[in-house]
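Note sheet for the following structure.
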Amino acid sequence: MVTLGVRRWETLGHSVQGVGKQHNQDWYACEGAGSDDDPLVLAVADGHGSAVHARSRLGARFAVDRFMGLAADFGRAARDSHEPGRLSRLMTYARDDFPRALVQDWRQEALGHWDRHRPVADDGAPEPSDAAKLLLYGSTLIGAVLTPWLFVAWQLGDGDLAVVEHDGTLRRPLAPAEEDLGDETESLCGREAWRAVRMHWAPLFDEARTPRLVVLSTDGLSKSFASADGYPEFVAGLDGRLAAQGSEEVRAVLPEWLRQASRYSGDDTTLTAALRPAEILPAPPAEQAESERKTET
């Protein structure tokens, strides 16, 4: 049975502007302890950045900001997910209603910004359609929420969610069956964007099976590797460094890792990650044996 309480996850994150880019189109955030009352929420977004998406760095920030609020509310609502029928209702909401609410909030934020910051136009110029306005703010999004009971993640567009499970297994649960071609990707500015949102649903019935590492990154990182194996190897290496050296050491070198990746991909590169709390990590065999011996005596 899960013992409820404050379990503060360790987090790290950084973002690097692409070489030759005028602005960094990425945005990220990570907040919360991972408890019932203070869920851990992480998100990364990647504004499209081309001329037709001239305000996309704002769109990325709007995406992260709106996700953080909605996901925190969702995480707090999950505190009673162990009650009969509650988990099923939460899953239905996460799959169907959460994406709609997220996209709707993002659209309102972007259209509100347009109204407050209209470009100078000739008198008599026709008002652009909402679709044309939203195109300016186009962005992808990956977000996750972790509570003592539940781990849920959502993704729209490119980028990567990697999960190192309790036993060291590395998974990419939201990776599409087929990669997007070239620079094409799903976007929040799409006509029915909520239909393209992918969800990962993972109830945590046993705290010992909590993922030990969750990594969210924009595609500037995965595109920096010459082969498809490069990104999983990077995450496995990150997991190993965290275990061997701790989060402070890795936090210090993360900016240089991302700068190097950005030099290869030529793109803005952003990563945020969460390492599960030490108090719910499985004890090493020697410590377990000593604990059992003391219990017996």
Just so I know, are the side chains of P148 and D36 near enough to count as touching, which here means a heavy-atom distance under 4.5 Å? yes
Quick test of your reading of the model: are R171 and E165 salt-bridged, counting only N-O distances below 4.0 Å? yes
Does T185 use its side chain to pair, donor to acceptor, with the backbone of D158 at less than 3.5 Å? yes
Rounded to the nearest 0.5 Å, what separation is found between the CD atom of E233 and the OG atom of S227? 6.0 Å
Partner of W154 under ring pair (Phe, Tyr, Trp, His ring centres under 6.0 Å), chosen from W194, F74, W201: F74
Test side-chain hydrogen bond (donor to acceptor under 3.5 Å, both in side chains) on D160 and S222; report intermediate values, then the result. CA-CA 8 Å; D160 297 274; S222 56; 2.9 Å; yes
Minimum heavy-atom distance between R251 and E248, given as atom pair plus value: NH1-OE2, 2.5 Å
Will you find, in the side chains of T169 and D167, an N or O donor that is under 3.5 Å from an N or O acceptor? yes
Heavy-atom pair with the smallest gap, counting every atom of P39 and V145: CB-CG2, 3.9 Å
Does one side chain, of S15 or T270, offer a donor that lies under 3.5 Å from an acceptor on the other? yes
With a 6.0 Å cut-off (strictly less than), is the heavy-atom count around CD of Q22, excluding the residue itself, greater than 12? no
Determine the minimum heavy-atom distance between S262 and V19, stating which atoms define it. OG-N, 4.0 Å
Using the rule given for salt bridge (charged side-chain N to carboxylate O under 4.0 Å, His left out), can you reason through R100 versus D97, listing the C-alpha separation, both sets of side-chain angles and the distance that settles it, and then say yes or no? CA-CA 5 Å; R100 284 181 176 271; D97 299 325; 5.7 Å; no
Measure centre to centre between the rings of F67 and F98, then say whether the value is under 6.0 Å. yes
Donor-acceptor check, side chain of R209 to backbone of F205, threshold 3.5 angstrom: yes or no? no
What I want to check is whether the side chains of T218 and D46 have a donor and an acceptor closer together than 3.5 Å. no
Show the numbers, then the answer: is there a side chain to side chain contact (heavy atoms under 4.5 Å, CB included) between L90 and W149? CA-CA 12 Å; L90 280 169; W149 296 102; over 6 Å; no
Which of these, H53, H48, H113, sits in a ring pair (Phe, Tyr, Trp, His ring centres under 6.0 Å) with Y137? H113
From the options V215, L213, V214, select the one residue that forms a side chain to side chain contact (heavy atoms under 4.5 Å, CB included) with P211. V214
Could you report the tightest heavy-atom contact between K133 and E127, atom names first, then the distance? NZ-OE2, 2.7 Å
Mark yes when over 12 heavy atoms from residues, nucleotides or ligands other than Y264 sit less than 6.0 Å from its OH; otherwise mark no. no
Is there a donor-acceptor pair under 3.5 Å between the side chain of R61 and the backbone N or O of L58? no
